[in-house]
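The structure appears below as C-alpha cells.
Note that the structure is predicted; figures quoted are calculated from it, not measured.
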Amino acid sequence: MTEVAKKFGLTEPGMRGLLSRRGVVLRRTIHTLRHDAFDQMSPETCYWIGFLFADGCVTYRPNHLPQISVGLAQRDRDHLASLRTFLGSTSSISAPSPTHGSCQFSVRSARLAERLVTLGRYDGPIGEGLDESRDFWRGVVDGDGSIGTYRRPSPSQSTFSQFRLVGSKRLLESFAAFLRSHSIDGLSVRPHKTIYTIGTTCGPAEKIVTLLYSEATVALARKAEVAKKIMAVDLLRQEKAASEADARNYSMSAEQRKPAR
C-alpha cells in the first residue's frame, strides 16, 4: 500500500481513504505502538517531547482516537524514522508531498496525546521538570530553532555564530529562564509577526549551543553537524580566554616577586 501511495503522490492513509470511498474492501492493518513512550522521563523521552512541542500537532476528531502528527522536509526524513523507532511504531512515513515537499508521520493514541497535552504542549506550565532539561530544549530547538555560522559583511573575513528560536511567548519565556539558570543572561523574548522569538549571536550563541548539544545522544543530524563547528569555536574562545588569564596572573605574580627598592 505504501509503495502504491508513493507512485500517486499520496500518503498511505490518503490512499486508503480514497480506495474506501470507491468501495474497495481493504484488510485492516494493525500497527504496533508504545503507548507508554512518554511515561518515564529519560533524556531521549525529554528530547522527543520537546521536538513534538515544537513541530508536532495533537488533533481530535469525533469517534476517532487522538492523532499525533509531524511533518519534516525530505532531507530530515531519517529523523522521522528515529522518532518512529523510539515510539515502537510500524506506521509508515509518507512520501514527500508534491505540493510542499514534506514527509508526514502520525500515530493514534489517547495516552500519548493526553500526556503531551498534560505536560503543556498548548497551554499551562511545562510539566515534570521538562523546563529544566537540556534534552527537552534541544528537541524544541531542533524543531523550531536555527543555529549557524555566518560571514560578516566585507571587507571583514571573520565569521560569527547565531542562535534563534521561535514559538509562543509562554514557551520562550520558560527557555529564557532555563538559560538564566545556566548563567546565560540578557536574552529577551520579542514579538515577531504572529509569534515570538529569542536569539543572540557570537559568544552567548556559542554558549547556548554548547549547553544544548555537547555530548548529545539524540539530535537532528544536520543541526548536530552545525553545532559541532560552533562548539569548536566556543572551545577555542574558552582556551584563549584561559590562556590570557594565565598570562595576566603570571604577570601579576612576577610584579609581586620583584624586590622592593
Taking the side chain as everything from C-beta on, heavy atoms only, tell me whether [X] gets closer than 4.5 Å to [Y].
X	Y	result
Leu112	Leu33	yes
Tyr213	Asp142	yes
Ile49	Arg115	no
Phe38	Arg111	no
Leu187	Leu179	yes
Phe163	Val141	yes
Val58	Tyr122	yes
Glu132	Ser181	no

Quick check against the 3.5 Å criterion: does [X] have a side-chain atom that pairs as donor or acceptor with the backbone of [Y]?
X	Y	answer
Trp137	Asp131	yes
Arg108	Leu65	yes
His79	Arg77	no
Ser174	Arg170	no
Ser97	Ser102	no

[atom1] of [X] to [atom2] of [Y]: how many Å apart, nearest 0.5 Å?
X	Y	atom1	atom2	value
Arg164	Thr200	CZ	OG1	13.0 Å
Ser109	Asp36	OG	CG	9.5 Å
Ile230	Gln162	CD1	CD	9.5 Å
Leu171	Arg121	CG	CZ	8.5 Å
Lys207	Leu212	NZ	CG	14.0 Å
Ser188	Ile198	OG	CD1	7.0 Å

Pair Glu128-Leu119, side-chain contact (heavy atoms from CB on, under 4.5 Å): steps then yes or no
CA-CA 7 Å; Glu128 298 197 16; Leu119 288 171; 4.0 Å; yes
Quick one: which of Phe53, Trp48, Phe175, Tyr47 gives a ring pair (Phe, Tyr, Trp, His ring centres under 6.0 Å) with Phe136?
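Testing each of Phe53, Trp48, Phe175, Tyr47 against Phe136, the sole residue satisfying ring pair (Phe, Tyr, Trp, His ring centres under 6.0 Å) is Phe53.
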Nearest heavy atoms of [X] and [Y], plus distance in Å:
X	Y	value
Ser89	Val107	OG-CG1, 3.7 Å
Cys46	Leu130	SG-CD2, 3.7 Å
Ser92	Arg84	CA-NH1, 4.0 Å

Could you go through Leu52 and Leu83, starting from their C-alpha distance and side-chain angles, then the distance that decides it, and tell me whether this counts as side-chain contact (heavy atoms from CB on, under 4.5 Å)?
CA-CA 10 Å; Leu52 291 172; Leu83 172 60; 4.1 Å; yes
Give the C-alpha distance, both sets of side-chain angles, the deciding distance and a yes or no for side-chain contact (heavy atoms from CB on, under 4.5 Å) between Val209 and Ser161.
CA-CA 10 Å; Val209 170; Ser161 302; over 6 Å; no
Counting only heavy atoms not in [X] (residues, nucleotides, ligands), do more than 12 fall under 6.0 Å from its [atom1]?
X	atom1	value
Asp185	CG	yes
Arg222	CZ	yes
Lys223	NZ	yes

With Phe51 as reference, evaluate Val70, Val140, Val218, Leu220 under the side-chain contact (heavy atoms from CB on, under 4.5 Å) test and give the passing residue.
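Testing each of Val70, Val140, Val218, Leu220 against Phe51, the sole residue satisfying side-chain contact (heavy atoms from CB on, under 4.5 Å) is Val70.
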Does a donor on one side chain sit under 3.5 Å from an acceptor on the other, for Ser158 and Arg152?
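There is such a pair between these side chains.
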Do the numbers put Arg134 on top of the ring of Phe178, so that NZ or CZ is under 6.0 Å from the six-membered ring centre and no more than 45° off the axis?
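Pair Arg134/Phe178 does not count as cation-pi.
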Between Ile195 and Leu165, is there shared hydrophobic-cluster membership here, with clusters defined by ILVMFWY side-chain heavy atoms closer than 4.5 Å?
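In one cluster: no.
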Look at the side-chain heavy atoms of Ile, Leu, Val, Met, Phe, Trp and Tyr, link any pair under 4.5 Å apart, and say whether Ile147 and Phe160 land in one connected group.
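Per the 4.5 Å side-chain linkage, Ile147 and Phe160 are not co-clustered.
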Could you go through Val226 and Thr149, starting from their C-alpha distance and side-chain angles, then the distance that decides it, and tell me whether this counts as side-chain contact (heavy atoms from CB on, under 4.5 Å)?
CA-CA 8 Å; Val226 176; Thr149 55; 5.6 Å; no
Closer than 4.0 angstrom, basic N to acidic O: yes or no for Lys228 and Glu225?
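Yes.
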